[in-house]
Student: 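Pasting a structure here, questions to come.
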2 protein chains.
Amino acid sequence: MQLDQLDRSIIGVLLEDGRATFAQIGDRVGLSAPAVKRRVDRLVASGAITGFTVRVDPAVVGWSTEGYVEIYCRGSTSPDQILAAVERLPEVVSASTVTGEADAILHILASDVRHFEQVVERIAREDFMVRTKSELVMSPLLRREQGSLPS
Amino acid sequence: MQLDQLDRSIIGVLLEDGRATFAQIGDRVGLSAPAVKRRVDRLVASGAITGFTVRVDPAVVGWSTEGYVEIYCRGSTSPDQILAAVERLPEVVSASTVTGEADAILHILASDVRHFEQVVERIAREDFMVRTKSELVMSPLLRREQGSLPS
DNA sequence: TTTGAAACATAGCGTAG
DNA sequence: CTACGCTATGTTTCAAA
């Protein structure tokens with residue numbers, strides 16, 4: 001789907017405040033509330049907006065340990081195999097195949113270091129896995145996952 | 001702040017649907033709408049909930065290139081210096097100091113590979129920087145940033 | 001928790017580009 | 001024909017009892 005400038009402005013407002021009313025959004029982008037609603041509905045239907053959520057402080061809700069795991073797989077491993085292995089684990093928050101030495105990077109949230117270790121062990125036991133390399137987060141300096149639009 | 005089981009259930013509902021009405025949340029957790037509102041207000045005031053947003057498909061919106069950059073700094077570099085350097089760059093979506101060889105991992109969204117390269121170059125020019133190691137995302141397999149609660 | 005007023009969402013309809 | 005604004009009605013929010 002193709003977004004025009006109005007769609008992009010609306011998404012920009014919603015990224016800042018996902019509960020902004022249609023009238024508030026309309027004031028900022030120059031449309032009436034019903035017009036904004038129609039566009040938001042269309043953005044949701046088309047998949048440009050995939051959902052509405054809250055941003056939560058991970059430490060407060062109990063995800064106090066965070067880390068990245070690079071995984072190295074056998075040459076014959078497909079992305080689908082990796083996905084099938086990680087999507088069962090709710091602690092895996094994102095997974096992507098990457099260029100470079102590693103085959104994929106996983107982002108993991110766990111309740112403590114022990115829990116993190118258990119998750120890594122379960123991943124390491126997959127039969128396509130050659131080795132893993134973990135990096136535990138010490139201080140989260142910046143966290144604005146998907147917080148703006150390209151200029 | 002300490003969360004009880006009700007708070008955790010409310011956050012769970014809001015993670016799935018950030019626009020759920022207080023009455024809908026109440027139905028699922030067993031409270032009246034005003035009672036839910038009071039709790040949500042308290043969760044926001046206490047910082048457990050840091051905001052409301054939309055989830056957006058990064059590709060649709062123009063962030064079609066994604067990558068991770070490990071940075072290696074001089075021994076004397078403080079986390080604050082790293083933060084100061086990256087928070088100016090809107091393309092840096094998260095930054096954390098980590099254990100292991102690298103000092104920090106940055107998660108970056110860019111509009112294309114050229115743009116990504118420019119961002120990495122700007123980071124590399126910081127005077128505390130020794131070297132960087134980039135991994136470009138090929139396929140995003142899984143993306144549920146902060147999508148659930150610890151069990 | 002209930003209540004009632006104000007704000008909001010949302011469908012229908014007419015209009016302009 | 002698509003997208004807008006306006007208006008009317010049902011829902012939700014929210015503060016006070």
Side-chain angles (χ1 to χ4, degrees), chain A residues 1-58 60-61 144-151, chain B residues 1-64 111 143-149:
Chain A
M1 175 191 173
Q2 186 70 7
L3 304 184
D4 65 15
Q5 197 49 52
L6 244 23
D7 292 322
R8 297 174 58 81
S9 303
I10 290 171
I11 289 173
V13 174
L14 285 174
L15 281 169
E16 282 177 30
D17 178 9
R19 284 196 315 187
T21 67
F22 294 133
Q24 286 170 336
I25 300 168
D27 285 346
R28 290 191 46 185
V29 306
L31 285 178
S32 68
V36 172
K37 175 183 160 36
R38 280 190 290 261
R39 279 175 179 264
V40 171
D41 286 347
R42 193 166 49 88
L43 290 167
V44 171
S46 73
I49 291 176
T50 58
F52 293 78
T53 12
V54 278
R55 272 193 298 261
V56 169
D57 181 338
V60 172
V61 298
R144 53 183 169 205
E145 306 288 344
Q146 191 70 5
S148 67
L149 293 175
S151 43
Chain B
M1 174 192 175
Q2 186 70 6
L3 306 183
D4 65 14
Q5 197 49 54
L6 242 26
D7 292 322
R8 297 173 59 81
S9 303
I10 290 171
I11 290 174
V13 173
L14 285 173
L15 281 168
E16 281 177 31
D17 178 9
R19 284 196 313 186
T21 66
F22 295 132
Q24 287 171 336
I25 299 168
D27 285 346
R28 290 190 47 185
V29 306
L31 286 177
S32 68
V36 172
K37 174 181 158 40
R38 271 194 300 271
R39 281 176 178 261
V40 171
D41 287 346
R42 192 167 49 87
L43 290 167
V44 170
S46 73
I49 291 176
T50 58
F52 293 79
T53 10
V54 279
R55 271 192 299 261
V56 169
D57 181 339
V60 170
V61 124
W63 291 130
S64 54
S111 50
R143 198 191 296 283
R144 52 182 170 205
E145 307 288 344
Q146 191 69 6
S148 67
L149 294 174

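Chain letters run A, B, ... following the sequence lines, proteins first, then strands; residues in each count from 1.
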Student: If you only use heavy atoms from C-beta on, which nucleotide in C:dA9, D:dA15, D:dT13 is closest to the side chain of B:Pro34?
Tutor: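 In terms of side-chain proximity for B:Pro34, the closest of C:dA9, D:dA15, D:dT13 is D:dA15.
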
Student: Over how many whole Å does the gap from A:Gln24 atom CD to C:dC8 atom P extend?
Tutor: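 The distance from CD of A:Gln24 to P of C:dC8 comes to 6 Å, rounded to the nearest Å.
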
Student: Mark yes or no for whether B:Ser46, through its side chain, and B:Leu43, through its backbone, hold a donor-acceptor pair below 3.5 Å.
Tutor: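 Yes; at least one donor-acceptor contact below 3.5 Å.
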
Student: Polar atom pairs between nucleotides 2-4 of chain D and protein, under 3.5 Å, N or O only, would you list them?
Tutor:
| residue | atom | partner | partner atom | Å |
| --- | --- | --- | --- | --- |
| D:dC4 | OP1 | A:Arg39 | NE | 2.8 |
| D:dC4 | OP1 | A:Arg39 | NH2 | 2.8 |

Student: Is there a side-chain polar atom (N or O) of B:Lys37 under 4.0 Å from OP1 or OP2 of D:dC14?
Tutor: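 Answer is yes, contact under 4.0 Å.
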
Student: Please report the distance, rounded to the nearest Å, between CZ in A:Arg19 and P in C:dA7.
Tutor: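 Those two atoms, CZ and P, are 17 Å apart.
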
Student: Taking all atoms of both residues into account, what is the closest heavy-atom pair of B:Asp4 and B:Asp7, and its distance?
Tutor: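 It is OD1-N, 2.8 Å.
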
Student: Taking B:Gly62's backbone N and O only, do any of them form a donor-acceptor pair with B:Ser111's side chain (distance below 3.5 Å, no angle check)?
Tutor: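 No.
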
Student: Nearest whole Å is fine: how far is D:dC6 P from A:Phe22 CZ?
Tutor: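 Going from CZ in A:Phe22 over to P in D:dC6 covers 17 Å.
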
Student: Would you check if the side chain of A:Arg8 reaches a backbone N or O of A:Pro150 as a donor-acceptor pair within less than 3.5 Å?
Tutor: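 Yes; at least one donor-acceptor contact below 3.5 Å.
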
Student: Measure from the side-chain N and O atoms of A:Thr50 to the backbone N and O of B:Asp57, and report whether any donor-acceptor pair falls under 3.5 Å.
Tutor: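 Such a contact is absent between A:Thr50 side chain and B:Asp57 backbone.
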
Student: Give every donor-acceptor pair under 3.5 Å between a side-chain atom in residues 14-30 of chain B and any protein atom, sequence neighbours left out.
Tutor:
| residue | atom | partner | partner atom | Å |
| --- | --- | --- | --- | --- |
| B:Asp17 | OD1 | B:Arg19 | N | 2.9 |
| B:Thr21 | OG1 | B:Gln24 | N | 3.1 |
| B:Gln24 | OE1 | B:Thr21 | N | 2.9 |

